[in-house]
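Below is one structure; the comments refer to it alone.
As the structure is a computational prediction, the values presented were derived from the model and not from experiment.
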Amino acid sequence: MNTILNSVYTADAYFRLSREDGDKAESDSIVNQRALVKDFLKAHTDIQLFKEKVDDGFSGVNFERPAFKEMLEDIKSGKVNCVIVKDLSRFGRNYIEAGRYIEKIFPYLGVRFIAINDNIDTASEMSAAEEMLIPFKNLINDAYSRDISMKVRSHLGVKRESGQYISPFAPYGYKKSPDNKNQLIVDETAASVVRQIFKWKIEGMSGIRIAGKLNEMGIPTPMEYKRMNGERYESGFRKKADSQWNANSVRRILCNEVYTGVLQQGKTSSPSYKVRKRVQKEEKDWVRCENCHEAIVTLEDFQLVKQSFEQDTRVAPDEQALYLFSGIAKCGCCGGNMTRRTVPAKGKKYIYLVCVENKNGDSCSFRKAVSLKKFEGTILKVINLHIENVFELSRMLEIAQRIPYSGYLSEKLQEGVTDKEMLIEKKRRYAAGIYEDLKEGIITNTEYQELKAAFRSQIEALEEEILALRQEMEKTAREREDKVRWAARFIEYRGFQQLTREILLNLVEEIRIFDSDRIEVVFKYQTEYEEACRYVQKEREKGISATGKGGRH
């Protein structure tokens, strides 16, 4: 290594600390590094301190650090010709880059490099053995950083899999529990805004209009809200100093599954512990955990919003909300969306629904126009009639107290458990019987061991089957409430007089228009409705049968 000769040196003292590298806060703290350098300078009057450069919280595996870059600018401008660090690990933990600076760049620029605790001073003559130690020490520092990185990644992976929240900042609407930083709890102030955003969207309001209302009401954006609460939050989505709600920020909230109690983590990763760039992972590789925290919106409302995004729900330029049937009314011939067409006549405007495929060309054979006013009245009557049917059905089922179709399944599962338990008891008796056969010399010890192993295997298989049946019973019990919730969603709107976007999204899957006299409404929860109808019919038949038997006695 070349010796650098100079009478007086002007130095930058460089300090670095990072928990990611496994740095010990006590021994490697900035305060301790500064104290060591000051003591060193007292004993070396040939060095004058120019500035201190501090990278607190920056990993040593790369050299993209703000204070380090400032120090390089001092060197390039000729203000500094000496660099002092506590040891090589403070300088960096990438042995290739660290070696490049110490062995090539600094000597070329005439910079003296001093690592105090490693006894390295490029202004002093070093033996070949001492020079050889530098790359070995850099390699050890690099390996240590790699080991720490692997342990941290493994630890974070375990936390993700167990449903613990590991990001530094809680999502808008939540905050970290004071008792457990890996647990989210509801921040009611922000959560009320989230609920309102979902409500407006379900009612048919566009993302732009929702953002406008939030700005009109003076609601701070998620970023500003965090800063108001003292969090040092930075976001790549921020573009202007006067941060405002916009359609994208509203959409990010509406599409975030965290509000249903679900955690989706591990969406990005870095290719290497030396590369800070984050790479987006495929969705199948994300870590997803349900019921990790209290939900702010129901799963049903989240699904409604998701459905609205999947439908063709573009808003006309002069409108602030979606058309009532946007994305719901479909052409019965081609399946395309039905769109509005305004026809002026005698000073009035008449609105019709036409197939968008036919409107844009001749790809659909459905060429009729359906009066929107007549269509809306028909749908109003059909939905009200279906709600009344659901109401009567729920009364017959006594749906709040008994869930017969779930109960029937549970009974069948319990029968299976009982049968298998009896079979296990029988196998155990057989196993006990072969021991008696062994003692009496009827079978050999080899035969006994084979039969014993066979019975044990059969019993274990039956026990696994019983466990699976019991898990299915528990699942059925958990789903029991979900089985009846559909009826409550219909009955909630009983007697309504005017169609709204919210009612249609909650109750209707789609409406198929074949012509003005043939319209098919596909309701949500149709499977559950038909299942309940079959049960009622079955119970009626059983009642008639029982009455007939009673008459013959």
Side-chain angles (χ1 to χ4, degrees), residues 1-2 4 6 9-23 25 28-34 36-38 40-41 47-118 120-123 134-135 137-139 141-142 144-146 148-149 168 232-236 238-239 241 268 270-279:
M1 186 172 296
N2 294 331
I4 300 172
N6 206 326
Y9 290 89
T10 304
D12 270 354
Y14 180 72
F15 311 126
R16 187 190 63 80
L17 183 68
S18 171
R19 301 295 186 276
E20 290 183 20
D21 291 344
D23 297 341
D28 288 331
S29 70
I30 301 298
V31 173
N32 284 344
Q33 292 178 56
R34 181 178 287 116
L36 183 70
V37 170
K38 284 185 177 181
F40 177 84
L41 290 173
I47 303 174
Q48 295 179 352
L49 181 64
F50 180 69
K51 283 185 180 179
E52 293 180 349
K53 303 295 183 181
V54 180
D55 279 323
D56 194 353
F58 288 86
S59 174
V61 297
N62 68 70
F63 286 81
E64 295 298 313
R65 312 174 216 143
F68 186 85
K69 289 182 176 180
E70 290 175 9
M71 183 175 68
L72 289 181
E73 290 302 316
D74 287 349
I75 293 171
K76 292 174 183 177
S77 63
K79 298 174 183 176
V80 166
N81 60 359
C82 181
V83 173
I84 305 175
V85 295
K86 176 194 171 187
D87 55 43
L88 287 171
S89 70
R90 299 305 91 212
F91 184 69
R93 291 187 182 274
N94 184 322
Y95 82 98
I96 294 176
E97 286 296 299
R100 191 167 68 91
Y101 275 101
I102 296 170
E103 296 179 14
K104 292 184 179 181
I105 297 176
F106 286 171
Y108 177 79
L109 296 174
V111 174
R112 178 182 180 182
F113 178 75
I114 301 171
I116 300 170
N117 283 352
D118 288 320
I120 295 172
D121 185 348
T122 56
I134 295 177
K137 287 183 177 181
N138 283 330
L139 185 60
N141 289 330
D142 191 310
Y144 178 75
S145 184
R146 177 179 180 276
I148 290 294
S149 175
R232 294 191 300 171
Y233 181 74
E234 294 292 338
S235 170
R238 184 183 175 95
K239 298 299 181 184
T268 62
S270 56
S272 164
Y273 69 101
K274 294 182 180 180
V275 179
R276 310 311 296 171
K277 180 182 177 181
R278 305 298 296 181
V279 178

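Considering CZ of Arg65 and CG of Asp56, their distance stands at 12.5 Å, rounded to 0.5 Å. For the atom pair Phe15 CZ and Glu52 CD, the distance stands at 4.5 Å (nearest 0.5 Å). From Tyr101, atom OH reaches atom CG of Leu109 across 10.0 Å, with rounding to the nearest 0.5 Å. Here the CZ atom belonging to Arg100 is positioned 4.5 Å from the CD atom belonging to Glu97, to the nearest 0.5 angstrom. Between the CG atom in Leu72 and the OG atom in Ser77 there is a gap of 10.5 Å [rounded to 0.5 Å].
At least one side-chain heavy atom of Asn117 sits less than 4.5 Å from a side-chain heavy atom of Leu36. Between Tyr14 and Asp55 there is a side-chain heavy-atom pair separated by less than 4.5 Å. Residues Lys79 and Thr10 are not in side-chain contact: their nearest non-hydrogen atoms beyond the backbone lie 4.5 Å or more apart. In this structure the side chain of Cys82 reaches within 4.5 angstrom of the side chain of Ile114, judged on heavy atoms. Side chains of Ile47 and Arg112 form a contact here, defined as non-hydrogen atoms less than 4.5 Å apart. With contacts defined as side-chain heavy-atom distances shorter than 4.5 Å, the pair Phe106/Ile75 qualifies. Side-chain contact between Phe113 and Val85 is present, with at least one heavy-atom pair separated by less than 4.5 Å. Here the side chains of Ile84 and Leu41 are in contact, with some heavy-atom distance below 4.5 Å.
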Practice task
Run the numbers on Val54 and Gln33 for side chain to side chain contact (heavy atoms under 4.5 Å, CB included), then give the verdict.
Solution key: CA-CA 10 Å; Val54 180; Gln33 292 178 56; over 6 Å; no
Practice task
Could you walk me through whether Asn62 and Asn94 pass the side chain to side chain contact (heavy atoms under 4.5 Å, CB included) test, one step at a time?
Solution key: CA-CA 6 Å; Asn62 68 70; Asn94 184 322; 5.5 Å; no
Practice task
Please report the C-alpha distance between Leu88 and Ile102 in whole Å, then the side-chain angles of each, then the deciding distance to 0.1 Å, and finally whether the side chain to side chain contact (heavy atoms under 4.5 Å, CB included) criterion is met.
Solution key: CA-CA 10 Å; Leu88 287 171; Ile102 296 170; 3.6 Å; yes
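The backbone N or O of Ile120 lies less than 3.5 Å from no partner atom in the side chain of Asp118, so there is not a single donor-acceptor pair. Between the Arg90 side chain and the Arg16 main chain, a donor and an acceptor come within less than 3.5 Å of each other.
Checked against a 6.0 Å centroid threshold, the rings of Phe58 and Phe68 do not count as neighbours. Separation of the Phe63 and Phe91 ring centroids falls under the 6.0 Å cut-off.
The residue from Lys69, Lys53, Lys51 that alone fulfils the salt bridge (charged side-chain N to carboxylate O under 4.0 Å, His left out) condition with Asp74 is Lys53.
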